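What follows is a short report on a single structure.
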Amino acid sequence: MDAKAMGKVAVLMGGRSAEREVSLMSGTGVLAALKSKGVDAHAFDPAERGMDELKREGFSRCFIALHGRFGEDGTVQGALELLGIPYTGPGVMASAVAMDKLMTKRIWLAEGLATPAWRQVHSAEQTVAAYHALGSPMIVKPVREGSTIGLTKVTTEAQCAAAYELAAKQDPLVMCEQFIAGDEVTCPVLGTGDGARALPVIRIVAPDGNYDYQNKYFTDDTKYLVPCGLPEGEEAVIQALVLQAFRTLDCRGWARADVMIDAATRKPWLLEINTSPGMTGHSLVPMSAKAAGLSYEDLCFSLLATAALDNPA
């Protein structure tokens, strides 16, 4: 597909989620990349303009560079389905499920895919009970948020109440998760169905193991290793696991799954899957794609070419 065949393209960025700042960075990069490939691309912020304007202004497809709720959770995808405008990334159901970490875990567990033990909690007292059930350390986080926003690594019972309150500020649904000590890795997937392929695995080495919002986007202290340098055979195992996780949720286009590898057993555990991954200067999908020989510009263009609808007319 050539650039002219893409038609008039909206790069959806910004939005109303807690990840607005990161989305604006992602969208700005994508917009520049598409323009460099000759695409008639324009910025579009759904927080400032009604989605119906996309139809009135003659946009023929959308690159979704929104992150978090109201962009990555099936809501925008549903609006685009109604407008009949193809978009990048997974469809309505896959996006909605993947945004909900509890629902994702339930499906993965039903399909026999390894994911750490968890408890849904509704109070500080339940968080304390989860701490005793899951052990220390324990992760407390919002169910429907990304970029580690609202996340706390709890190591003492005294931290439970504050951890719950922090997560609950972001989302009324809060979960506690067993902490897996070991290597932290991530693996992107491009494509759909049998044609989907896993890109190179990236091993993340953050300062003191703290891969938080600041270390993700605004410092150069985190190390990203690609090639990942894992023991022989482990990368292929993780890629196969991530592909299975991607297909189980009926994802299409692209996504990126986060995995922890138990230091003692070397068993990989699925944490979550991102269906509209970051595309900033610190983001991981472009880094992995580059290792596979795909430039940032070519990655953006190829993703745009996969724009589709769940129910095309």
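What's counted below: heavy atoms across the whole structure, side chains too, no hydrogens, waters or symmetry copies. These figures come from a predicted structure and were not determined experimentally.
- Checked against side-chain hydrogen bond (donor to acceptor under 3.5 Å, both in side chains), K55 has no partners two or more places apart in sequence or in another chain.
- Taking NE2 from H42 and CZ from F59, the interatomic distance works out to 5.5 Å, rounded to the nearest 0.5 Å.
- Exactly one residue among V11, L304, L299, L12 makes a side chain to side chain contact (heavy atoms under 4.5 Å, CB included) with V30. That residue is V11.
- For T75, the side-chain hydrogen bond (donor to acceptor under 3.5 Å, both in side chains) test picks out D73, with sequence neighbours left out.
- Taking a 6.0 Å sphere around CG of D2, one finds it holds more than 12 heavy atoms contributed by other residues, nucleotides or ligands.
- Counting all heavy atoms, side chain and backbone alike, F179 lies closest to A181 at CE2-CA, 3.7 Å.
- Residues meeting the side-chain hydrogen bond (donor to acceptor under 3.5 Å, both in side chains) test with K105, sequence neighbours left out: T115, E177.
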Assess the residue pair L54 and C62 against the criterion (side-chain contact (heavy atoms from CB on, under 4.5 Å)); give the C-alpha distance rounded to whole Å, side-chain angles, the decisive distance to 0.1 Å, and a yes or no.
CA-CA 9 Å; L54 290 167; C62 292; 4.1 Å; yes
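- The pair R256-E72 fails the salt-bridge criterion, with no side-chain N (NZ, NE, NH1 or NH2) lying under 4.0 Å from an Asp/Glu carboxylate O.
- In terms of heavy atoms, W254 sits closest to P90 at O-CD, 3.5 Å.
- Counted by atom type alone, Y87 and E81 present one or more donor-acceptor pairs between their side chains at under 3.5 Å.
- Remark: E232 pairs with no residue by the salt bridge (charged side-chain N to carboxylate O under 4.0 Å, His left out) rule, at least two apart or across chains.
- Among pairs with a residue in residues 284-313, those fulfilling salt bridge (charged side-chain N to carboxylate O under 4.0 Å, His left out) read K37-D298, R252-D310, at least two apart in sequence or across chains.
- Listed by chain and number, the residues in a salt bridge (charged side-chain N to carboxylate O under 4.0 Å, His left out) with R247 amount to none (sequence neighbours excluded).
- The closest side-chain donor-acceptor pair between S283 and T280 falls under 3.5 angstrom.
- Applying the side-chain hydrogen bond (donor to acceptor under 3.5 Å, both in side chains) criterion to S288, with sequence neighbours excluded, gives no partner residue.
- Considering T275, I107, I273, L102 in turn, I107 is the only one that fulfils the side chain to side chain contact (heavy atoms under 4.5 Å, CB included) rule with V97.
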Decide yes or no on side-chain contact (heavy atoms from CB on, under 4.5 Å) for Q178 and I180, but give the supporting numbers first.
CA-CA 6 Å; Q178 174 192 16; I180 305 295; 4.0 Å; yes
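- Under the rule for a side chain to side chain contact (heavy atoms under 4.5 Å, CB included), the partners of A43 that lie at least two apart in sequence or sit in another chain are M13, L31.
- In terms of the side chain to side chain contact (heavy atoms under 4.5 Å, CB included) criterion, residue partners of R266 (sequence neighbours excluded) are, by chain and number, D183, L230, P231, E234, I261.
- Residues forming a ring pair (Phe, Tyr, Trp, His ring centres under 6.0 Å) with H122 (at least two apart in sequence, or on another chain): none.
- Residue pairs meeting the side-chain hydrogen bond (donor to acceptor under 3.5 Å, both in side chains) criterion with at least one partner in residues 5-18, sequence neighbours excluded, do not occur; the list is empty.
- Of all non-hydrogen atoms in K267 and A114, the two that sit nearest each other are CE-CB, 3.7 Å.
- Shown here are the ring pair (Phe, Tyr, Trp, His ring centres under 6.0 Å) partners of Y296, two or more places apart in sequence or in another chain: there are none.
- Between E19 and R69, no side-chain nitrogen of the basic residue sits less than 4.0 Å from a carboxylate oxygen of the acidic one, so the salt-bridge criterion is not met.
- Heavy-atom neighbours of R197 CZ from other residues, nucleotides or ligands within 6.0 Å: at or below the threshold of 12.
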